[in-house]
Amino acid sequence: MDTALQNHAETAHSETSRAKRLKAATTETHDRLDKRIMAGQPFASVANYGRFLAVQHQFHRDIDALYDNAALSALLPDLADRRRFGQIGQDMKDLALDLPQPDEDPRFVADAVDDAVDLATALGWLYVAEGSNLGAAFLFKIAKALGLDENHGARHLAGHPDGRAQHWRSFTGALDGVTLDAAEEARVVDGANAAFRRVHALVEQQYG
Ligand code: HEM
């Protein structure tokens, strides 16, 4: 393909939303994760749900430092409000569960994060964390059958006061507005897939 045509093709490609492309690029890892989680029957009992909370706790511990990152906050203006690590800890406390023993250092580390974080990779991880709150509408409903809600045990699954869909659209709108080159674009996808794989590995650990 000559360069002009190739540029044209790349422009056309970049006109579809980044969030939609991420969804397409991670559908398979998301499906495998959903199936794996549901196979562990996380809502069959509070004990099973506790394992799901332990997964969420470790995943959000991995990314928690990103919510303090100034460069990311400049790209995603309400980033600090989207943090859920504290809510997950509170959910575990509500249910008198011990916090999980970390299996390794967090993926993103607080004091090094501003200098060392690769923004593109971080955007991929944050896409997964935010998207999981959209999908959590269904999980929140079944959590209610266990007597859990936004004030007790399922705080981190609750929707945003603006509504889940609106909250998600404001995230994807900001994500879509970030200018990235092709290499960075690829690292967003790699980051998202790495996040899904990380959660999958945590599910394997918890539900064995
Ligand atoms: C059994 C567990 C899960 C189920 C049943 C589930 C289900 C769903 C559903 C139905 C949606 C689409 C929501 C909508 O479009 O209104 C969704 C979206 C999403 N979920 Fe899950 N999910 C589960 C777990 C997870 C986990 C653990 C993660 C990541 C840690 C995750 C990440 C995502 C992402 C990133 C999206 C957004 C996809 C997009 O529209 O770009 N999900 N999920």
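First listed ligand is number 1; within each ligand, the first listed atom is number 1. All of these numbers come straight from a predicted model, not from anything done at the bench. All residue numbers refer to positions in the sequence shown, counting from 1.
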Could you tell me whether Gln56 and ligand 1 have an N or O pair separated by under 3.5 Å?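 So ligand 1 has no N or O lying under 3.5 Å from an N or O of Gln56.
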Over 12 non-hydrogen atoms of neighbours within 6.0 angstrom of CD in Gln205: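 Enclosed: over 12 neighbouring heavy atoms sit under 6.0 Å from CD of Gln205.
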Heavy-atom closest pair, residues [X] and [Y]:
X	Y	answer
Leu79	Leu66	CD2-O, 3.5 Å
Asp91	Ala154	OD1-N, 3.2 Å
Arg82	Ser170	NH2-OG, 2.8 Å
Arg155	Glu150	CG-O, 3.2 Å
Leu157	Ala136	CD2-CB, 3.8 Å
Leu139	Phe52	CD1-CZ, 3.9 Å

Quick one: look up the protein heavy atom nearest [atom] and list residue, atom name and how far away it is.
atom	answer
atom 15 (O) of ligand 1	Leu134 CD2, 3.7 Å
atom 21 (Fe) of ligand 1	His30 NE2, 2.2 Å
atom 37 (C) of ligand 1	Gly131 CA, 3.6 Å
atom 9 (C) of ligand 1	Gly135 CA, 3.8 Å

Ignoring hydrogens, tell whether any protein atom lies closer than 4.0 Å to atom 27 (C) of ligand 1; use the non-hydrogen atoms only.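 When distances to the protein are checked, atom 27 (C) of ligand 1 has a heavy atom within 4.0 Å.
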How about atom 12 (C) of ligand 1: does it have a protein heavy atom within less than 4.0 Å?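 Protein heavy atom within 4.0 Å of atom 12 (C) of ligand 1: absent.
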NE2/His167 to CG/Asp78 distance, rounded to the nearest 0.5 angstrom?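 His167 atom NE2 to Asp78 atom CG measures 6.0 Å (nearest 0.5 Å).
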Against heavy atoms of [X], which atoms of ligand 1 measure under 4.0 Å?
X	result
Phe196	28 (C), 29 (C), 31 (C), 32 (C), 35 (C)
Phe138	5 (C)
Phe59	30 (C)
Val199	30 (C)
Lys23	39 (C), 40 (O), 41 (O)
Met38	1 (C)

For atom 2 (C) of ligand 1, which of the options Val128, Asp34, Val55 provides the nearest non-hydrogen atom?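 Shortest heavy-atom distance from atom 2 (C) of ligand 1: Asp34.
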Verify same cluster id: Phe108, Leu75 (apolar side-chain graph, 4.5 Å):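 The answer is yes; both residues are in one hydrophobic cluster.
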Quick one about Arg84 and Ser132 (side-chain donor to acceptor, distance below 3.5 Å, no hydrogens or angles considered), yes or no?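 Yes, side-chain donor-acceptor contact under 3.5 Å.
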Can you tell me which portion of [X] lies within the under-4.0 Å heavy-atom range of ligand 1? Options are side chain, backbone, both, or neither.
X	value
Tyr127	both
Leu33	side chain
Lys20	neither

Taking Phe85 as the fixed residue, which of His57, His156, His60 is the one that meets the ring pair (Phe, Tyr, Trp, His ring centres under 6.0 Å) rule?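 Considering His57, His156, His60, a ring pair (Phe, Tyr, Trp, His ring centres under 6.0 Å) with Phe85 is found only for His57.
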